[in-house]
Amino acid sequence: QQQVKQSPQSLIVQKGGISIINCAYENTAFDYFPWYQQFPGKGPALLIAIRPDVSEKKEGRFTISFNKSAKQFSLHIMDSQPGDSATYFCAASKAQGGSEKLVFGKGMKLTVNP
Amino acid sequence: DAGVIQSPRHEVTEMGQEVTLRCKPISGHNSLFWYRQTMMRGLELLIYFNNNVPIDDSGMPEDRFSAKMPNASFSTLKIQPSEPRDSAVYFCASRLSGAGVGTQYFGPGTRLTVL
């Protein structure tokens with residue numbers, strides 16, 4: 001059972017463009033939604049995270065948009081750069097009073113062309 | 001600061017052999033996670049420990065897999081006997097309880113190839 005569904009599986013954008021990655025979750029008990037970034041040969045690293053009490057969180061060129069009623073959240077990368085080329089994973093968990101387990105999406109490979 | 005340390009970085013073995021993967025979490029972190037990453041299944045949690053105690057091993061594929069955490073600074077994941085379908089990248093991650101459940105710090109991974 002895949003509790004977090006991520007799309008698209010891959011994306012190619014030009015430098016300066018906007019990259020958008022979408023995720024949908026099933027478990028309404030989830031209340032913590034991080035995004036991880038993974039470069040080839042490296043482990044995933046936390047990029048940005050959001051809780052459902054806000055609809056948007058921005059850190060630099062990276063923005064998470066959250067739609068609780070639709071059980072969806074997305075990552076927007078503004079002014080995409082070749083250095084952003086990586087695999088991006090969304091994840092979900094219960095932040096309080098629940099398991100520490102993170103459920104990850106399948107990942108999306110982003111390629112930003114110069 | 002040293003991050004999560006994993007060894008070996010690459011392991012090539014033959015089917016039926018025992019494989020032991022090692023992890024040193026970030027000093028002071030009290031939760032440790034073992035993940036497996038493959039193209040087909042993505043990133044899967046195998047087991048996690050809290051204060052050296054296994055909390056959830058529901059992701060361990062079968063009895064051939066075992067994990068231990070004898071102290072706060074060391075953990076092992078053992079596969080015996082290994083099979084070609086175990087070929088994957090295995091990650092160890094650690095976190096400090098109370099830092100937010102998503103703040104897991106991953107190691108560089110061990111790429112395992114079973115021939």
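Heavy-atom basis, side chains included; hydrogens, waters and symmetry copies ignored. Labels below follow one simple rule: chain letters A, B, ... track the order of the sequence lines, proteins then strands, and each chain is numbered from 1.
- Considering CG of A:L102 and OH of B:Y48, their distance stands at 10.5 Å, rounded to 0.5 Å.
- Note that the CD atom of A:Q38 and the CZ atom of B:F91 stand 4.5 Å from one another [nearest 0.5 Å].
- Using a 4.5 Å cut-off between heavy atoms, B:Q6 makes no contact with chain A at all.
- Placement of B:Y90 and B:V4 in two distinct hydrophobic clusters is found when ILVMFWY residues are connected by side-chain heavy-atom separations under 4.5 Å, directly or transitively.
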Distance-only donor-acceptor hits, side chain of residues 57-68 of chain A, under 3.5 Å, sequence neighbours excluded:
{"unit_1": "A:K57", "atom_1": "NZ", "unit_2": "A:A49", "atom_2": "O", "d": "3.1"}
{"unit_1": "A:R61", "atom_1": "NH1", "unit_2": "A:M78", "atom_2": "O", "d": "3.1"}
{"unit_1": "A:R61", "atom_1": "NH1", "unit_2": "A:D79", "atom_2": "O", "d": "3.2"}
{"unit_1": "A:R61", "atom_1": "NH1", "unit_2": "A:D84", "atom_2": "OD2", "d": "2.8"}
{"unit_1": "A:R61", "atom_1": "NH2", "unit_2": "A:D84", "atom_2": "OD1", "d": "2.9"}
{"unit_1": "A:R61", "atom_1": "NH2", "unit_2": "A:D84", "atom_2": "OD2", "d": "3.3"}
{"unit_1": "A:N67", "atom_1": "OD1", "unit_2": "A:S69", "atom_2": "N", "d": "3.3"}
{"unit_1": "A:N67", "atom_1": "OD1", "unit_2": "A:S69", "atom_2": "OG", "d": "2.8"}
{"unit_1": "A:N67", "atom_1": "OD1", "unit_2": "A:A70", "atom_2": "N", "d": "3.0"}

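- Of all residues in residues 107-115 of chain B, those placing a non-hydrogen atom less than 4.5 angstrom from a non-hydrogen atom of chain A are B:G107, B:P108.
- Counted within 6.0 Å of CD on B:E14, heavy atoms from surrounding residues, nucleotides or ligands total 12 or fewer; the atom is thus considered open.
- Note on A:M108: it clusters hydrophobically with A:I77, by side-chain heavy-atom contacts below 4.5 Å among ILVMFWY residues.
- Hydrophobic clustering, with ILVMFWY side chains joined whenever heavy atoms are under 4.5 angstrom apart, keeps A:L46 apart from B:I26.
- Within 6.0 Å of the CG atom in A:D53, the count of heavy atoms belonging to other residues, nucleotides or ligands exceeds 12.
- The shortest non-hydrogen separation linking A:K101 to B:S58 is NZ-OG, 3.6 Å.
- For chain B, the nearby part of A:F89 is the side chain; its heavy atoms alone come within less than 4.5 Å.
- At least one donor-acceptor pair closer than 3.5 Å links the side chain of A:Y36 to the backbone N or O of B:Q104.
- Grouping the Ile, Leu, Val, Met, Phe, Trp and Tyr side chains by contacts below 4.5 angstrom, directly or via other members, places B:F106 apart from A:F39.
- Of the atoms belonging to B:Y105, not a single heavy atom falls under 4.5 Å from chain A.
- B:I55 and B:Y35 end up in the same hydrophobic cluster when Ile, Leu, Val, Met, Phe, Trp and Tyr side chains are linked at under 4.5 Å.
- For B:R41, the side-chain hydrogen bond (donor to acceptor under 3.5 Å, both in side chains) partners two or more places apart in sequence, or in a different chain, are B:E44.
- Within residues 65-74 of chain B, no residue has a heavy atom under 4.5 Å from a heavy atom of chain A.
- Heavy-atom distances place both the backbone and the side chain of B:L43 under 4.5 Å from chain A.
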